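No experiment lies behind these values; they were computed from the predicted model shown.
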Amino acid sequence: MTTVAPRSLAIAVGYFFVASMTIAFTRFGGGFATLWFATAYLSSALVSLPRHHWSASLTLCGISSALATGMFGLGWELSVPLALINMAEGFLAASLMRRRVASQTLDSLSWFGAFVIKVGVLAPMAGATLGAIVLWSAGKASLVTSWGTWFVGHSLGNLTFTPIWLLIWTGEVRKTLLSAKSHSTHEQVILYLIFLATTLFTFAQSRWPLLFLPLGPLTLICFRHGRVLPALSVATLGVVGGLFTAISHGPVALAARDAATQVQFFQFYLASVVLTILPVAADLRNRRKLMRAARESEARFRTVLDHSTDVVLHMQTDGKIIYASKSAGDLTGRTTSSLIGLNALCLVDAGWQEYVSQCHEQVLASRGANFRYEYMADTVDGESRWFETVSRAIMNENGRVESVISIVRDIDERKIDEQALVREVSTDSLTGLANRRAFEREFDKQVAGIRSVAIIDIDHFKSINDRYGHGGGDCALQTFAEVARRTMRKNDLIARIGGEEFAILFDGLRADQAFEICERLRIEMASAVTFYGPKHIKFTISAGITDVSSPDIAFVLARADQALYTAKREGRDQLRLAA
């Protein structure tokens with residue numbers, strides 16, 4: 001309490017001065033003040049304090065309010081109830097704002113909208129209702145007139161003066177002054193002095209209706225300097241204009257002869273300025289923040305790009321490059337400037353250009369969704385390599401595709417590894433032929449057209465193993481694979497599907513046509529010699545051949561197996577067609 005009391009006392013002294021000046025200069029006809037500044041002062045001060053210190057400040061400010069009302073306002077009879085209402089209104093306004101809202105003063109249009117509702121409408125409305133009842137009960141004024149005077153005066157005072165008081169109490173003014181560069185400070189001082197001189201000139205004369213004159217420098221201040229100077233300038237306009245209007249002097253006096261009407265006219269004028277300038281200041285503040293964030297983001301982005309091996313391309317919808325990262329030049333052997341204006345398709349391998357063009361169209365049609373595709377492109381050394389591109393369409397504010405961002409990554413090593421892995425899981429390690437899994441996958445893939453299947457078995461393979469050992473048997477299997485690759489067509493798939501059992505899938509051939517090719521293979525195998533050290537191994541083969549009459553691979557292989565068994569039963573070293 002010992003550290004808070006001096007500050008609370010200082011706040012109370014300031015409140016007494018503000019309330020007394022407001023009552024003395026803006027109160028007409030025995031009613032409420034027509035432009036009340038004290039609530040803005042009190043609520044801003046409360047927001048700057050920890051919540052548990054509010055009670056001391058409210059108590060001392062309540063005493064100040066009662067003294068100001070009793071000495072300069074409606075008298076001692078109403079001083080206490082009106083002081084309680086003023087404290088309640090200040091408490092409500094501060095509670096609605098809270099510290100987080102205060103720290104974001106004039107930061108955005110959304111902040112200003114919430115500020116108007118909370119501080120410019122809700123808090124004054126509550127105070128006006130209670131204050132009007134008190135004044136009406138005392139027989140001082142009508143209920144409607146009292147409510148309107150209180151609400152307009154307090155609302156306009158809150159909207160005009162709360163922003164600058166918030167910036168002062170939260171330390172934003174001090175921070176701005178300390179962080180401002182010398183040339184910026186000089187400019188702010190000059191602009192403010194120009195505005196002050198213009199405002200004094202406007203309201204110090206009653207000959208010409210020059211109320212528009214302060215708006216020029218005020219608008220320039222709003223566009224040039226943050227939020228502190230616009231808030232200070234609006235408050236200055238309220239004070240200067242309010243004081244001259246209170247003594248029936250200035251251009252407002254040209255609008256009407258009686259003081260009440262002049263004050264109402266000035267209230268309307270000030271409200272129009274506040275509700276025009278402060279939203280613009282808030283929006284500009286938000287835009288500056290966004291632009292600063294965009295610049296920082298761009299700086300980070302360019303730093304990443306300059307040290308990234310990935311290529312980033314920004315393209316028009318027709319594929320013309322409008323930005324290329326440094327790595328694009330390293331990859332293509334061209335300068336990044338020479339890439340600008342080129343169609344990105346020219347960097348793609350000719351055999352893949354149509355596919356990439358189709359992918360680009362899909363990117364445009366996806367309207368902002370990420371689209372991934374792989375293709376081959378030529379590099380600076382003339383080598384074709386695999387690349388992966390992730391593209392995304394950039395939409396404008398009208399929902400139309402404006403451009404395309406693509407991130408290109410070299411995946412050649414990954415593709416080589418993938419292909420090696422595919423070969424590993426699809427190839428028989430001993431013979432280098434396809435394995436059973438690859439044979440079944442290829443069978444299922446080719447679901448249409450004329451096809452036939454042959455199942456081939458090495459005759460008396462167990463005897464070869466018994467006589468020459470498993471090493472000799474392995475050499476025999478490798479000999480079959482070598483002769484079969486040499487004898488079969490390139491588009492025929494040869495697979496090892498068992499120990500000494502092989503299968504051949506003939507694409508585009510009937511079983512009787514495949515029979516002729518298998519016969520050549522049988523003759524070749526009968527004359528082939530397998531060298532196993534000093535030993536020479538000779539063997540024959542038998543085969544069963546069938547048309548693929550069903551998509552069921554088990555059924556087809558069973559038919560070919562049956563024909564194979566027939567060939568073996570009838571003496572081996574021969575072929576049979578399935579019945």
Requested in this report: Say whether, by atom type as modelled, one donor and one acceptor occur between the side chain of His360 and the main chain of Asp318 under 3.5 angstrom.
Outcome: no
Report task. Enter the distance from Leu433:CG to Ile497:CD1 here, rounded to the nearest 0.5 Å. Result -> 11.5 Å
Query - Side-chain heavy-atom pair Thr162, Met97 within 4.5 angstrom cut-off - result: yes
Report task. May I ask you to check whether over 12 heavy atoms, not counting those of Glu570, lie within 6.0 Å of atom CD? Result -> yes
Query raised in the report: Could you give the distance from CD1 (Ile455) to CG (Asp561), rounded to the nearest 0.5 Å?
Result: 4.0 Å
Requested in this report: Might you work through the side chain to side chain contact (heavy atoms under 4.5 Å, CB included) test for Arg409 and Val390, ending with a clear yes or no?
Outcome: CA-CA 9 Å; Arg409 174 169 295 178; Val390 178; over 6 Å; no
Query raised in the report: Do other residues, nucleotides or ligands put more than 12 heavy atoms under 6.0 Å from the CZ atom of Arg485?
Result: yes
Report task. Could you pull out the closest heavy-atom pair between Ala484 and Leu521, with the gap in Å? Result -> CA-CD1, 3.7 Å
Query raised in the report: Can you check whether Glu524's main-chain N or O pairs, donor with acceptor, with Ser527's side chain at less than 3.5 Å?
Result: yes
Query raised in the report: Going by heavy atoms in the side chains, are Ser43 and Trp165 under 4.5 Å from each other?
Result: no
Query - Heavy-atom closest pair, residues Leu493 and Ala434 - result: CD1-CB, 3.9 Å
Requested in this report: Identify the heavy atoms of Ala476 and Thr530 that sit nearest to each other, and give their distance.
Outcome: N-CG2, 3.9 Å
Query raised in the report: Ser366 side chain to Val363 main-chain N or O, any donor-acceptor pair under 3.5 Å?
Result: yes
Query raised in the report: Would a distance-only check, ignoring hydrogens and angles, find a side-chain to backbone donor-acceptor pair under 3.5 Å from Arg522 to Ile541?
Result: no
Requested in this report: Say whether, by atom type as modelled, one donor and one acceptor occur between the side chain of Ser357 and the main chain of Gln353 under 3.5 angstrom.
Outcome: no
Query raised in the report: Charged N to carboxylate O below 4.0 Å: is that the case for Arg520 and Glu516?
Result: no
Requested in this report: Dump the intermediate steps for side chain to side chain contact (heavy atoms under 4.5 Å, CB included) on Glu172 and Thr105, then the final yes or no.
Outcome: CA-CA 9 Å; Glu172 186 64 29; Thr105 303; over 6 Å; no
Query raised in the report: Quick check: does any side chain N or O of Arg467 sit under 3.5 Å from a backbone N or O of Gly472, one acting as donor and the other as acceptor?
Result: no
Requested in this report: Compute both the distance and the angle, then confirm whether Arg496 meets the cation-pi test with Phe480: under 6.0 Å from the six-membered ring centre, within 45 degrees of the axis.
Outcome: no
Requested in this report: Please report the C-alpha distance between His53 and Ser48 in whole Å, then the side-chain angles of each, then the deciding distance to 0.1 Å, and finally whether the side chain to side chain contact (heavy atoms under 4.5 Å, CB included) criterion is met.
Outcome: CA-CA 10 Å; His53 294 156; Ser48 69; over 6 Å; no
**Report entry** Other residues, nucleotides, ligands: >12 heavy atoms within 6.0 Å of Ile537 CD1
**Finding:** yes
Query raised in the report: Is a side-chain donor-acceptor pair under 3.5 Å present for Ser327 with Ser325?
Result: yes
**Report entry** Note, Val228 side chain near Gln188 side chain (heavy atom, < 4.5 Å)
**Finding:** no
Report task. Evaluate the criterion side-chain hydrogen bond (donor to acceptor under 3.5 Å, both in side chains) for residue pair Ser391 and Thr389; output intermediate values, then yes/no. Result -> CA-CA 6 Å; Ser391 294; Thr389 290; 5.5 Å; no
**Report entry** Qualifying residue for side chain to side chain contact (heavy atoms under 4.5 Å, CB included) with Trp111, from Leu106, Val116, Asn286
**Finding:** Leu106
Requested in this report: Using atom types as modelled and distance alone, determine if a side-chain donor or acceptor of Asn158 lies under 3.5 Å from a backbone N or O of Val119.
Outcome: yes
Query raised in the report: Taking the side chain from Trp54 and the backbone from Leu49, do they hold a donor-acceptor pair closer than 3.5 Å?
Result: yes
**Report entry** Distance in Å, Arg392 CZ paired with Asn370 CG, rounded so as to fall on 0.5 Å steps
**Finding:** 5.0 Å
Query raised in the report: Got a salt bridge between Asp547 and Arg559, using NZ or NE/NH1/NH2 to carboxylate O under 4.0 Å?
Result: no
Report task. For residues Ser549 and Val556, report the shortest heavy-atom separation together with the two atoms involved. Result -> N-CG2, 4.5 Å
Query - 4.5 Å side-chain heavy-atom contact, Val401 and Met395 - result: yes
Query - Arg385, CZ atom: more than 12 neighbouring heavy atoms under 6.0 Å - result: yes
Query - pair Leu509-Phe515: side-chain heavy atoms closer than 4.5 Å - result: no
Query - CZ (Arg572) with more than 12 external heavy atoms under 6.0 Å - result: yes
Query raised in the report: What do you reckon, is CZ of Phe461 surrounded by more than 12 foreign heavy atoms closer than 6.0 Å?
Result: yes
Query raised in the report: Under 3.5 Å, side chain of Asp412 to main-chain N/O of Trp386, donor-acceptor pair present?
Result: yes
Query raised in the report: Mind checking whether Asp283 and Val280 have side chains closer than 4.5 Å, heavy atoms only?
Result: no
**Report entry** His536, NE2 atom: more than 12 neighbouring heavy atoms under 6.0 Å
**Finding:** yes
Query raised in the report: Checking Arg451 side chain against Phe443 main chain: does a donor-acceptor pair fall under 3.5 Å?
Result: yes
Report summary line: OG1 of Thr540 to CD1 of Ile523, rounded to nearest 0.5 Å, is 12.5 Å
Report task. State, yes or no, whether a side-chain contact exists between Val47 and Trp169 at a heavy-atom distance under 4.5 Å. Result -> no
Requested in this report: Would you kindly say whether His314 and Ser403 are connected by a side-chain donor-acceptor distance under 3.5 Å?
Outcome: yes
Query - Steps toward side chain to side chain contact (heavy atoms under 4.5 Å, CB included) verdict (Cys518, Phe506) - result: CA-CA 10 Å; Cys518 289; Phe506 297 94; 3.6 Å; yes
**Report entry** Ionic contact status for Asp459 with Lys568, cut-off 4.0 Å
**Finding:** yes
Query raised in the report: What's the spacing between Glu501 CD and Leu557 CG if we round to 0.5 Å?
Result: 8.5 Å
Query raised in the report: Where do Lys535 and Tyr468 come nearest, in terms of heavy atoms and distance?
Result: CD-CD2, 3.7 Å
Query - Heavy-atom side-chain contact between Leu278 and Pro163 under 4.5 Å - result: yes
Query raised in the report: Using the ring of each side chain (for Trp, its six-membered ring), is Trp352 parallel, tilted or perpendicular to Tyr355, with breaks at 30° and 60°?
Result: perpendicular
**Report entry** Taking every non-hydrogen atom, the tightest pair across Val173 and Ile164
**Finding:** CG2-CD1, 4.5 Å
Requested in this report: Count the heavy atoms of every other residue, nucleotide or ligand shown that sit under 6.0 Å from CZ of Arg489, and state whether that count exceeds 12.
Outcome: yes
**Report entry** Atom pair OG1 (Thr317) and CD (Glu402), whose distance is rounded to the nearest 0.5 Å
**Finding:** 9.5 Å
